[in-house]
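Side-chain atoms are counted along with the backbone in the values below, which use heavy atoms only and exclude waters and symmetry mates.
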Amino acid sequence: MGIDLSRFRDEAVSSIPIKGKTEGEDLDIRGRKIKFLEPIKYNGEIYRVDGDRLLHLDIIYKYREACGRCLEPFVGEGETTLTAKLVEKIDNAIEKEEENEDTIYYIDEELDLQEYVMNTVILALPMKPLCNEDCKGLCPRCGTNYNRTKCDCVIEEIDPRFEKLKNFFPNE
Ligand SMILES: [Zn+2]
Ligand SMILES: [Zn+2]
């Protein structure tokens, strides 16, 4: 999905609209398996401000993964924004430390956003996947899903070994 930036050579052009979609790659992030259910959609523009070229992109995504508490799969949707300054990359001469989150590089007046869109979505995903904010999770003993039913397990709140330890240090 290369975007042709050479249109900016025409001084009359102040912005280039961008609209498209990209297939989300399935992710495996520290054991979390995330599958995108439809192409990731993006919509925005590159505009000229003084000598700079700035990008503003709204991104919409829909995915499926397993809840971190009850382990049931759920569908999540989200929106995020990618804003960055575009910088021309010449002969791979850019030092590592010059790279930062707010800069996107292009070569030969062609911009490829796929990787940047994907990284923006990864950063926007919730830290802990939950099917529902109120998910009750699983019984730690028998694995019953508390969202659906109850079980008869008695879960002791305090590990008895710690109870004994407490008696060794009565002043604490
Ligand atoms: Zn859940
Ligand atoms: Zn149980």
**Asked** Considering all heavy atoms of both residues, which atom of L138 and which atom of C70 are nearest to each other, and what is their separation?
**Response** CD2-O, 3.6 Å

**Message:** Could you report the tightest heavy-atom contact between G68 and K128, atom names first, then the distance?
**Reply:** O-NZ, 4.1 Å

**Fill in**
For residues 31-40, the salt bridge (charged side-chain N to carboxylate O under 4.0 Å, His left out) pairs (sequence neighbours left out) are D26-K35, D28-K33, R32-E65, E38-K41

**Side chains of N147 and N132 in contact at under 4.5 Å (non-hydrogen atoms)** = no

**Asked** Any side-chain heavy atom of H56 within less than 4.5 Å of one from T81?
**Response** yes

**Asked** Any link between I16 and L113 through a network of hydrophobic side chains (Ile, Leu, Val, Met, Phe, Trp, Tyr) touching at under 4.5 Å?
**Response** yes

Using atom types as modelled and distance alone, determine if a side-chain donor or acceptor of [X] lies under 3.5 Å from a backbone N or O of [Y].
{"X": "N43", "Y": "K19", "value": "no"}
{"X": "R48", "Y": "F8", "value": "yes"}
{"X": "D4", "Y": "S6", "value": "yes"}

**Asked** With respect to L86, which candidate in L55, I3, T103 satisfies the side-chain contact (heavy atoms from CB on, under 4.5 Å) definition?
**Response** L55

**R69: side-chain hydrogen bond (donor to acceptor under 3.5 Å, both in side chains) partners, not counting sequence neighbours** = none

**Message:** Just verifying a value: how many Å separate C139 SG and D152 CG, rounded to the nearest 0.5 Å?
**Reply:** 10.0 Å

**Lys/Arg-Asp/Glu bridge criterion (N-O < 4.0 Å) met for R53, E109** = yes

